[in-house]
Structures are given as C-alpha cells and as structure tokens.
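FYI, the numbering just counts along the sequence from 1. Note that this is a predicted model, so its numbers are computed, not measured.
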Amino acid sequence: MKRLAVVAVLVAVGVALFVAGRNAAAEPLRTSTAGTRYAATVLIEEPVTGRVSMEVVVDAGDADTVAVSAVMPEMGHSTPELTAREQRPGRFLAEGELFSMSGVWDVSLRLDGPAGEEQLIVKALISDR
C-alpha cells in the first residue's frame, strides 16, 4: 500500500511539473546578448512553434540591417534567414516560420552597419501552440 501511495505522489508531482513547465515556456521571451560591435535584445511575445514575430532591439552599435535565423543543434534543424524590417531606429521586426518544433533553439542575429557585420546568438525555449 505504501508503494502505491509513493507512486501516486510521484505521478502527481510529475504531472504538476509538466504542466508548470509548459505554462512557463509559453510566457514572452526577452533575452539580451552583446558582441564586440553590437548589443541586442530579442523579444518574442509568443515563443511557440510556427509563425512568430520577433523584435530585435539594438541596444549598442548602429545597425542598418538585421537578419535572424534559428538552429536546433540537438536535432539538426535549421531555418532560412529572415530579414527584419526596421520599425524605427534601433528596432527591427522579423516575422515568419522560425521554429518547427518545441525545444531549445539557438537564434542567430546577423547585424550589419558602419562598424561592420557581427553575428550574435541567443537561446530560446520554444513550446508547442
């Protein structure tokens, strides 16, 4: 009887952690990175699979163009680069299919401007819709 109670408690804890993890992964993503030429913050309101909108805020440096792509090294997935549109100085918006499955992705930011080109990487936890 004790074993059954222990198993029931472990299953309940596992389910609670799974539900909590799924809810936490669906919250907006905000992460920053810096290189030698630029610093940027990535904002994804809904970090989910499929079509997403990603805002890239250039915190340091004067980037004229920004492009984003994503790689999931563990699974061998990658996406074509999306060109971000400049919304206003220092703020760019990329829209499109970036994440084909849930999990941890490396989001690559390619920034280019008077200081030259630089590629920055941030991690993104993506959940299913």
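Minimum interatomic distance between Arg51 and Glu97 (heavy atoms only, all atoms of both residues): N-OE2, 3.5 Å. Contact between Glu95 and Ser53 at its shortest, heavy atoms only, is OE2-OG, 3.2 Å. For the residue pair Lys123 and Thr31, the shortest heavy atom distance occurs at O-CG2, 4.0 Å. Taking both residues in full, the closest heavy atoms of Ser78 and Val71 are given as CB-CG2, 4.0 Å, listed atom of the first, atom of the second, then distance. Here the closest heavy-atom approach between residue Pro114 and residue Asp64 is recorded as CD-OD2, 3.6 Å. Taking each heavy atom of Ile126 and Met101 in turn, the nearest pair found is CG2-O, 4.2 Å.
You'll find the side chain of Met54 stays beyond 4.5 Å of the side chain of Leu93, heavy atoms only. Proximity of Val107 to Leu98: side-chain heavy atoms (C-beta onward) are nowhere separated by under 4.5 Å.
Of the listed residues (Val122, Leu120, Val66, Thr41), just one forms a side-chain contact (heavy atoms from CB on, under 4.5 Å) with Val56, and that residue is Val66.
Checking side-chain atoms of Ser127 against main-chain N and O of Ser102 turns up no donor-acceptor pair under 3.5 Å. A side-chain donor-acceptor contact under 3.5 Å links Glu118 to the backbone of Tyr38. One N or O on the side chain of Arg37 and one on the backbone of Ala115 form a donor-acceptor pair closer than 3.5 Å.
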Practice item. Evaluate the criterion side-chain contact (heavy atoms from CB on, under 4.5 Å) for residue pair Leu111 and Val58; output intermediate values, then yes/no. Key: CA-CA 9 Å; Leu111 299 100; Val58 180; 3.8 Å; yes
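The aromatic rings of Trp105 and Phe99 sit perpendicular, their planes meeting at an angle over 60°, well past the 30° parallel limit.
Side-chain atoms of Thr65 and Asp112 include no donor-acceptor pair closer than 3.5 Å.
Note on Arg110 versus Glu81: salt bridge recorded, some NZ/NE/NH1/NH2 to OD/OE distance being below 4.0 Å.
Distance check, rounded to the nearest 0.5 Å: CG of Leu29 to CG of Leu125 gives 8.0 Å. One distance of note links CZ of Arg85 with CZ of Arg91; it measures 14.0 Å at 0.5 Å rounding. Rounding to the nearest 0.5 angstrom, the gap separating the CD atom in Gln119 from the CD atom in Glu117 is 8.0 Å.
Ile121 forms part of no hydrophobic cluster, judged by ILVMFWY side-chain heavy-atom separations under 4.5 Å.
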